[in-house]
Amino acid sequence: MPERVHKYLDGGSKPMKSATTRDNEVTIDRLSGSKKRKREHIDDNLPARPHSNAPSSGSLASVEGLSKGFKPTSLTSAKGYELQPQLTNGSTTQQSLPKSRPGPNILANQSIRSPLKARANALWPLRKALPVWSHASEIRQGLRIKDIILLVGETGSGKSTQVPQILAGEPWCKSRPVTLENARQTVNVGGCIAITEPRRVAATTLARRVAEEMGTPLGSSSPASKVGYSVRFNNSTSPCTKIKFLTEGMFLQEMLRDPWLKQYSAVIVDEVHERGVNVDLILGFMRNIAAGRLEGRGGIPLKVAVMSATAEMERLGNFFEEGYVPSSNGVDPEENKSDGSESEWSGITSSDEERGTADSQGKQPDQLPHINEKQPKKSPHANGGQSEKSCAHVATCHIEGRQFPVTINYTPEPVQDFVNAALRTTFKIHYQEPMPGDVLVFLTGQETVESLESLVNEYALGMSRDVPKMLVLPLFAALPQAAQQRVFQPAPPRTRKIILATNIAETSVTVSGVRFVIDCGKAKIKQFRTRIGLDSLLVKSISKSAAIQRKGRAGREAAGQCYRLYTEQSYLDLEPSNTPEILRCDLSHAILTMKARGIDDIINFPFLDRPPREALEKALMQLYQLGALTDTGAISEIGQQMATLPLTVSLGRVLIAAAEPELDCVSEVIDIISCLSVENIFLNLTSEEKKEEAQLARRELYRREGDHLTLLMTVQAYAAENADRKAWAERHFVSHRAMQAVMDVRKQLRAQCQQSKSLKGKTPRQITPELATSLLKCFLKGFATNSARLMPDGSYKTIVGNQTVAIHPSSGLFGKKVEAIMYNEFVFTTKSYARGVSTVQMDWIGGALGV
DNA sequence: GAGCACTGC
């Protein structure tokens, strides 16, 4: 049953009328009722096209002044904190104080001496009003008694900023000297709290905010700073850091140096519901440490807080409880009896095992025999046994969020063309809903965003002059930074912003001012097919939790509305949550990460969601072939080196090979690898004219050996440009933003290779054919299995697997026929493509494969 | 003659 929409102007008595609708009641079923119609048709909800003669009848009473209360928008992080202009240079929080912020008079005397403290005091009432504060003692108490707490907190509960501060003053949160079992030396354990975040912006903005709230300088700006952060390319901590925000990747990197996390008393794992690969690894490591013997920490417990926005409490709870269950085999009898709780937990364990098996069977019909999940635990640590036997090891706490209600509208019939449906809904909202209130449309990709953009703009030209204007703003990751920023700028008066976004707006970016969300119900999702080593990127239905997340974007500042361009039944049929990334990606990097941190038995690692055995074995095999693992499956010296590199396993292997004396091309390989690990550096041009122009401009960069050498030429030319690199990039139709990222990665890799002595300071060399050959042979050390040969019919077939593969049109070798090719990526879109392609000789491939 | 959602070290 479609919801009827009655909307009236703020404070006005007249119904808001659509310029072309006949009455003030509009049902959304018009959306689908006209699905067969061509877009050219002038729908009831659409204004006349400019070239059409249809008069735009109807009037909008008193639209003047509707935008009066319009709230200027600002760039906010995923956490909703305003990003101050000084964001990137990261200092002087006091300068970024908005002048309008009322300072409390009672603190006036202090504020003269310490602006930091004054600011902190001013923020105090805001903090106290956060929903999380009513749970502060519950959280403290939970972690005093137990070592693990699960916090489910909806958006706006304040958990990411407050929980670290709530815990920082706890008696267990201090540095203590201990003597380790095997070593005689005394080390300090604990004192600091780590908070992991999936994204860099979140880590830096949260750190800045918490520093402000605590009245302490941020990070490395002062040796007395208590709050810091650590993200790639930017580490800002002090000797006094007590609370440290890290990206998940950085945290795993720290674990490489210290698997026992000795500097930390607690680890807070934030945004667990997003379920990236890294967070799954962290959860497994945390379970092993928290429930283990803590021998590497001198017996001092590691407190763990797991924070999630969705209530997967039960699963997470079971997951951690299982860590304490002594496995029935391989455990000392003496230790077994020390814990009487085994039988109590067996119920939880088996039910979870059943569910886990059922889950995986849904996707993989012929599953291998069930693998025992339980780690062979030697004994629960000291705290576990002494508290009440009936009490579990995991505390839980539910924190309510702060979200305004959002009305949901479904279509009565399935929608075929969601771009068309989104177009109609956008105008329907624009005509019927009062200002202010921006519209956020979730689409699948650049293509759908751009096509809706031109459609909306086209129809908007035909709107009556009484109607507020529309400002259409595309938003996707590949969009140049300046264009992305437009989304955050306030709209001109009497203008409604229509933001057309990919799922970048679901988590990474928050736009304020949005009161209407249109959700097409689809997204592009990447899936790795283990058997053929192929990555595919396909449009799929989103999950229920993603639909809820999208809906929530309408209710952040006021009550809002969400228009789902699908039926209620389709919503009910959606998968409950996103498939965790670990079940749909290449596992080689994850496994190398585990091996390098001392996990020998991958099959028995505690995965929250266990990848199919086939995927694990495939990844182990790849690592073995690359020389990262020995015959026994232990990590090799090469594997250890690879794990420290911020690269995929294949690229890491190439970089290590480059230092071999007979190849000796580290500097050049770094240049190429930096490009391959960054988004496309060549601008995607749409018009034929521009394309030809670009081809001409890039001619001096082009190398006939293929894309690898072309990238090298480009980096060298860019790096040699000392006058104006931006202008250079523009002249050559190269993305300046991408090149800046390339230079960051290049700098990091060069520093790392200088440290390991594999890179000696050398000036750039002339790229001779001999050097080119060395480089390509070097890349084959990591990519021999990514190679294909030319068949008599002119197609290419992969050497391993005999799959047909075509050279991607973005490659310089597109349409060329050569003996054999090596490629960086094997992707499926409309068909199987090789991207990042160079020509190689068959005997090189044979040599690299060891045939 | 195609087209790439989004993170991260």
Side-chain angles (χ1 to χ4, degrees), chain A residues 78 196-203 230-235 246-257 271 274-279 281-282 442-451 475-479 501-509 520 522-527 535-540 542 546 549 578 581 584-585 589-590 592-593 596 642-649 651-652 655 673-674 677-686 688 691 735 738 741 744-745 748-749 751-752 806-811 813-816 825 827-836:
Chain A
T196 70
E197 295 291 333
R199 281 170 292 280
R200 295 208 293 243
V201 260
S230 176
V231 300
R232 190 182 187 182
F233 309 127
N234 204 351
N235 191 340
L246 310 89
T247 51
E248 290 159 0
M250 277 312 241
F251 184 75
L252 288 170
Q253 210 60 33
E254 285 195 354
M255 282 199 79
L256 200 56
R257 291 193 297 273
E271 310 280 21
E274 292 192 18
R275 295 297 303 280
V277 180
N278 286 343
V279 97
L281 295 182
I282 291 172
F442 281 102
L443 296 162
T444 52
Q446 182 172 351
E447 196 189 339
T448 47
V449 165
E450 284 172 348
S451 82
L475 180 65
F476 47 89
L479 201 67
T502 62
N503 47 7
I504 191 175
E506 225 177 78
T507 48
S508 308
V509 163
C520 76
K522 308 269 181 210
K524 283 193 178 169
I525 295 171
K526 197 154 140 177
Q527 176 95 38
D535 246 336
S536 47
L537 190 65
L538 301 169
V539 174
K540 292 197 173 159
I542 60 171
Q549 178 75 24
N578 297 347
E581 195 186 3
R584 52 184 176 84
C585 77
H589 195 267
L592 182 65
T593 298
M642 282 164 63
T644 65
L645 293 167
L647 295 170
T648 63
V649 292
L651 288 174
L655 183 52
I673 281 178
S674 304
S677 55
V678 153
E679 58 181 299
N680 193 8
I681 62 167
F682 295 112
L683 290 173
N684 231 354
L685 302 157
T686 35
E688 271 320 301
K691 270 184 206 173
S735 158
D744 279 341
V745 176
Q748 188 186 25
L749 292 175
Q752 215 166 331
I807 296 176
H808 195 272
S810 65
S811 168
L813 289 184
F814 176 71
K816 300 257 166 43
E825 274 183 303
V827 291
F828 184 90
T829 48
T830 51
K831 56 179 179 177
S832 300
Y833 281 109
R835 280 206 310 240

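Side-chain atoms are counted along with the backbone in the values below, which use heavy atoms only and exclude waters and symmetry mates. If you're wondering where the values come from, they're calculated on a predicted model, not measured in any experiment. So you know, we letter chains A, B, ... as the sequences are listed, proteins then strands, and number each from 1.
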Query - B:dC6 phosphate, OP1 or OP2, under 4.0 Å from A:Thr502 side-chain N/O - result: yes
Whichever of A:Ser230 and A:Phe828 has the more 5' nearest nucleotide on DNA chain B, that residue is A:Phe828
When rounded to whole Å, the CD to C1' distance for the pair A:Gln446 and B:dC6 reads 14 Å
For A:Phe682, the ring-ring contact (aromatic ring centres under 6.0 Å, His included) test, sequence neighbours excluded, returns none
Here the distance between atom C1' of B:dG8 and atom CZ of A:Arg232, to the nearest Å, is 8 Å
Out of B:dC9, B:dT7, B:dG3, minimum distance to the side chain of A:Tyr833 belongs to B:dG3
Residues at least two apart in sequence or cross-chain that pass side chain to side chain contact (heavy atoms under 4.5 Å, CB included) with A:Ala478, listed by chain then number, are A:Gln446, A:Phe476
Q.
B:dT7, OP1 or OP2 - any side-chain N/O from A:Thr247 closer than 4.0 Å?
A. no
Here the distance between atom C1' of B:dC6 and atom CG of A:Leu538, to the nearest Å, is 16 Å
Q: Describe the nucleic acid contact of A:Gly445 in one word from base, sugar-phosphate, nothing, applying a heavy-atom distance below 4.0 Å.
A: sugar-phosphate
* **Ion pair check, A:Arg199 and A:Glu274, cut-off under 4.0 Å** => yes
Taken to the nearest whole Å, CE/A:Met255 to P/B:dG8 is 21 Å
Separation of B:dT7 atom C1' from A:Arg275 atom CZ, nearest Å, is 16 Å
Residue pair A:Glu447/A:Phe814 against DNA chain B: nearer the 5' end by closest nucleotide is A:Phe814
- request: Examine B:dC4: is either OP1 or OP2 under 4.0 Å from a nitrogen or oxygen in the side chain of A:Thr829? Give yes or no.
  value: yes
Using a 4.0 Å heavy-atom cut-off across all strands, classify A:Leu645 as base, sugar-phosphate, or nothing. base
Base, sugar-phosphate alone, or nothing: which one does A:Val231 contact when heavy atoms must sit under 4.0 Å apart?
sugar-phosphate
Greater than 12 external heavy atoms within 6.0 Å of A:Glu447's CD: no
Separation of B:dC9 atom P from A:Leu655 atom CG, nearest Å, is 18 Å
Whole-Å distance, A:Glu825 CD to B:dC4 C1', equals 9 Å
A:His808 has its side chain closest, among B:dC4, B:dC9, B:dC6, to B:dC4
**Report entry** N/O donor-acceptor pair under 3.5 Å between A:Gln748 side chain and A:Pro646 backbone
**Finding:** no
From CG of A:Leu537 across to P of B:dC6 the rounded distance in Å is 10 Å
ask   = For A:Gln253, which contact category applies under a 4.0 Å heavy-atom criterion: base, sugar-phosphate, or nothing?
value = sugar-phosphate
